[in-house]
Protein chains: 2
Amino acid sequence: MSAAEAVPAKPKTRSRHYRRAQYDRGAETRGRLIEAALDVFGRLGLEGATTRQIAKQAGVNLAAIVYHFGGKEALHLAVAEHIVGRISTLLQPVLAEMADARAAASPAAARTALTHVLGHYVDVILGNAEAERWSRFIVREQMQPTRAFETIERFMGGAHGLATRLVATALKRPEDEEVRLRVFTMIGQILVFRVAQALVLGRMGWKAIGAVERTKIKRVVSENVVAILTLAGAPGR
Amino acid sequence: MSAAEAVPAKPKTRSRHYRRAQYDRGAETRGRLIEAALDVFGRLGLEGATTRQIAKQAGVNLAAIVYHFGGKEALHLAVAEHIVGRISTLLQPVLAEMADARAAASPAAARTALTHVLGHYVDVILGNAEAERWSRFIVREQMQPTRAFETIERFMGGAHGLATRLVATALKRPEDEEVRLRVFTMIGQILVFRVAQALVLGRMGWKAIGAVERTKIKRVVSENVVAILTLAGAPGR
DNA sequence: GTCTATAGTCGGATAGAC
DNA sequence: GTCTATCCGACTATAGAC
């Protein structure tokens with residue numbers, strides 16, 4: 001899932017022979033650029049961000065961006081690939097769990113899996129220092145899509161699809177429009193704490209969303225989802 | 001609620017005497033600038049937006065921004081005031097309804113009012129051509145607050161406070177942390193359709209979110225909220 | 001691979017004519 | 001109130017030294 005993040009002309013020579021373990025300077029620079037670009041693009045957007053700021057924040061030379069990625073927009077695309085790769089890695093365990101629950105096709109198993117998945121989702125998008133930057137980048141792509149959007153959407157769509165199967169199984173319903181809508185409302189209950197975080201902190205009197213706060217959020221969301229699956233989405237309603 | 005949007009030196013003279021009804025050219029220009037700035041700031045952010053683009057889109061001269069507002073950042077603040085004023089106007093009827101329901105202090109009335117309020121909220125943030133621009137601007141402020149954030153927060157915080165009282169009344173609970181959290185999860189169920197709209201359209205196979213789609217969203221959200229109030233937030237759970 | 005220097009463009013703000 | 005012309009700083013991208 002982690003696609004190529006750079007395509008520089010492959011260097012075959014080391015400029016000098018060092019005594020100690022040789023490491024790939026280019027990879028180091030690309031990594032630093034990706035991290036800095038993730039932050040700056042997330043805050044300023046593709047247009048608003050400047051390559052100077054990214055290079056400065058990465059601690060590398062301005063020209064390295066063109067050398068390693070080809071230009072500003074290519075770096076932006078590389079960031080999208082990087083995010084999808086990272087989230088995929090983090091979500092791998094739960095995604096597997098979802099697939100299993102679907103295979104089992106037991107409503108009870110699906111319901112349990114859904115609670116687990118949403119809990120993990122809370123941790124991934126709220127409990128990770130990186131996640132704040134990911135969210136900014138992703139939300140920006142949603143509201144102002146660039147060419148990087150298709151990379152993001154491919155991944156997000158897959159996750160939504162898996163969750164839809166899970167909810168459909170839990171409700172013993174087909175994967176119809178209503179189920180897909182309900183999945184979005186479940187995601188939204190978590191997303192709001194990321195997207196409106198400034199407002200949340202102010203209204204809750206929290207200084208940050210840490211482990212304690214995440215636990216509270218998880219409990220409320222979990223109760224809500226159980227209530228929804230029990231009452232709102234039940235067949236023959 | 002609609003604060004001063006501009007403070008130019010008051011002109012006392014008309015440059016020419018027209019035969020027909022005299023209109024305020026300055027006010028016209030300010031209005032066009034506010035509308036254009038709302039769009040451009042929402043898409044590009046305070047830093048990313050350029051005054052040249054705003055002026056061009058408004059069809060006015062570049063220097064008019066400095067003349068009427070004082071500069072780029074002051075125009076940005078004026079846009080925030082404008083948004084808050086417009087949303088306040090649109091939500092006035094429901095806000096009054098919320099206050100009434102609270103006075104009644106009847107859980108049943110509060111529940112009904114909450115459903116109404118959320119339905120209106122769907123219409124306001126999803127059913128208005130202006131709302132797409134408002135949302136972009138507001139979400140951007142949430143994720144990357146500028147000085148305009150405090151204007152936005154004052155209004156949003158008030159709305160959240162009213163909804164909290166309503167939910168507390170419906171649940172016969174105090175306005176504690178859990179109730180406030182649950183209000184956020186309810187808001188999130190609607191917000192997701194705005195914030196992740198690109199993904200929603202793709203997954204639902206919709207071309208746009210029009211009246212038909214809003215009705216479906218309202219039904220699902222309403223059912224969810226009823227389920228939550230019935231099961232998840234009930235006292236003595 | 002990384003650097004400096006620079007070409008060419010575009011940014012916000014201003015001065016002053018009308 | 002609106003306009004043109006302009007200052008000056010910052011931008012992306014490139015060329016070429018090391």
Side-chain angles (χ1 to χ4, degrees), chain A residues 5-18 22-34 36-37 40-41 43-79 146-147, chain B residues 5-18 22-34 36-37 40-41 43-79 146-147:
Chain A
E5 284 175 349
V7 216
K10 277 293 159 52
K12 287 301 175 196
T13 59
R14 289 259 77 92
S15 53
R16 294 289 181 274
H17 50 283
Y18 296 98
Q22 197 70 59
Y23 73 102
D24 188 341
R25 278 218 297 164
E28 160 91 13
T29 299
R30 283 190 291 277
R32 296 166 68 92
L33 276 173
I34 289 276
V40 178
F41 279 136
R43 286 189 289 109
L44 277 358
L46 173 56
E47 289 187 56
T50 72
T51 51
R52 285 169 197 278
Q53 186 171 352
I54 293 168
K56 185 178 179 182
Q57 189 163 320
V60 307
N61 189 270
L62 172 63
I65 291 174
V66 174
Y67 179 78
H68 286 289
F69 296 94
K72 189 190 194 183
E73 187 170 342
L75 175 56
H76 188 254
L77 282 170
V79 169
T146 69
R147 284 181 50 200
Chain B
E5 283 175 352
V7 216
K10 279 291 160 53
K12 288 302 175 193
T13 60
R14 289 258 75 94
S15 54
R16 295 287 183 276
H17 51 282
Y18 297 100
Q22 198 70 60
Y23 74 102
D24 188 342
R25 278 217 295 166
E28 160 91 13
T29 299
R30 283 190 290 279
R32 296 166 69 92
L33 276 173
I34 289 276
V40 178
F41 279 135
R43 286 189 288 109
L44 275 0
L46 174 56
E47 290 187 58
T50 72
T51 51
R52 286 179 152 86
Q53 185 172 353
I54 292 168
K56 184 177 179 183
Q57 190 164 320
V60 307
N61 188 269
L62 172 62
I65 291 174
V66 174
Y67 179 79
H68 286 288
F69 296 94
K72 188 190 193 183
E73 187 171 341
L75 175 57
H76 189 253
L77 282 170
V79 170
T146 69
R147 285 180 52 201

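Letters go in sequence order (proteins before strands), and every chain restarts at 1. Computed from a predicted model, the values in this text were never measured in an experiment.
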ask   = For the pair made of CG in Leu44(B) and P in dC11(D), what is the distance, rounded to whole Å?
value = 15 Å
task = Would you kindly give the NZ-to-C1' distance between Lys56(A) and dT12(D), to the nearest whole Å?
result = 17 Å
ask   = With a 4.5 Å limit on heavy-atom distance, are the side chains of Gln57(B) and Ile54(B) in contact?
value = no
task = Using a cut-off of strictly less than 4.0 Å between a heavy atom of the residue and any atom of DNA chain D, enumerate the qualifying residues of residues 45-53 of chain A by number.
result = Ala49(A), Thr50(A), Thr51(A), Arg52(A)
note = Judged by nearest nucleotide, the residue sitting upstream toward the 5' end of DNA chain D, Gly71(A) or Val60(B), is Val60(B)
Taking only nitrogen or oxygen atoms into account, show me every contact under 3.5 Å that the protein makes with nucleotides 15-18 of chain C, one pair per line with its distance.
none

remark   = Rounded to whole Å, CG of Asn61(B) lies from C1' of dT2(D) at a distance of 6 Å
task = May I have the distance from Ile54(A) (atom CD1) to dA10(D) (atom C1'), rounded to whole angstrom?
result = 15 Å
query = Lys72(A) has an atom NZ; how far is it from atom P of dA13(D), in whole Å?
reply = 7 Å
task = Please work out if Leu62(A) contacts a base, only the sugar-phosphate, or nothing of the nucleic acid, heavy-atom cut-off 4.0 Å.
result = base
ask   = How long is the line joining NE2 of His68(B) and P of dC3(D), in whole Å?
value = 9 Å
remark   = Residue pairs passing the salt bridge (charged side-chain N to carboxylate O under 4.0 Å, His left out) test with at least one member in residues 58-75 of chain B, sequence neighbours excluded, are Glu73(B)-Arg147(B)
key: Distance in angstrom units between Leu75(B) CG and dG11(C) C1', rounded   = 16 Å
query = About how many Å separate CG of Leu62(B) and OH of Tyr67(B), when rounded to the nearest 0.5 Å?
reply = 15.5 Å
request  = With rounding to the nearest 0.5 Å, note down the distance linking OG1 in Thr51(A) to NZ in Lys56(A).
outcome  = 13.0 Å
key: Spacing between His76(A) atom NE2 and dT12(D) atom P, to the nearest angstrom   = 13 Å
query = Of all residues at least two apart in sequence or in a different chain, which pass the side-chain contact (heavy atoms from CB on, under 4.5 Å) check with Arg32(A)?
reply = Glu28(A), Ala58(A), Val60(A)
message = With side-chain contact (heavy atoms from CB on, under 4.5 Å) as the criterion, how do Phe69(A) and His76(A) come out once you've worked through the C-alpha distance, each side chain's angles and the decisive distance to 0.1 Å?
response = CA-CA 9 Å; Phe69(A) 296 94; His76(A) 188 254; over 6 Å; no
query = Listed by chain and number, what are the salt bridge (Lys or Arg N to Asp or Glu O under 4.0 Å) partners of Arg52(B), not counting sequence neighbours?
reply = none
remark   = Heavy-atom closest pair (Ala37(A) atom, Val79(A) atom, distance to 0.1 Å) is CB-CG2, 3.6 Å
remark   = Residue set satisfying side-chain contact (heavy atoms from CB on, under 4.5 Å) with Ala63(A), at least two apart, ordered chain then number -> Asn61(A)
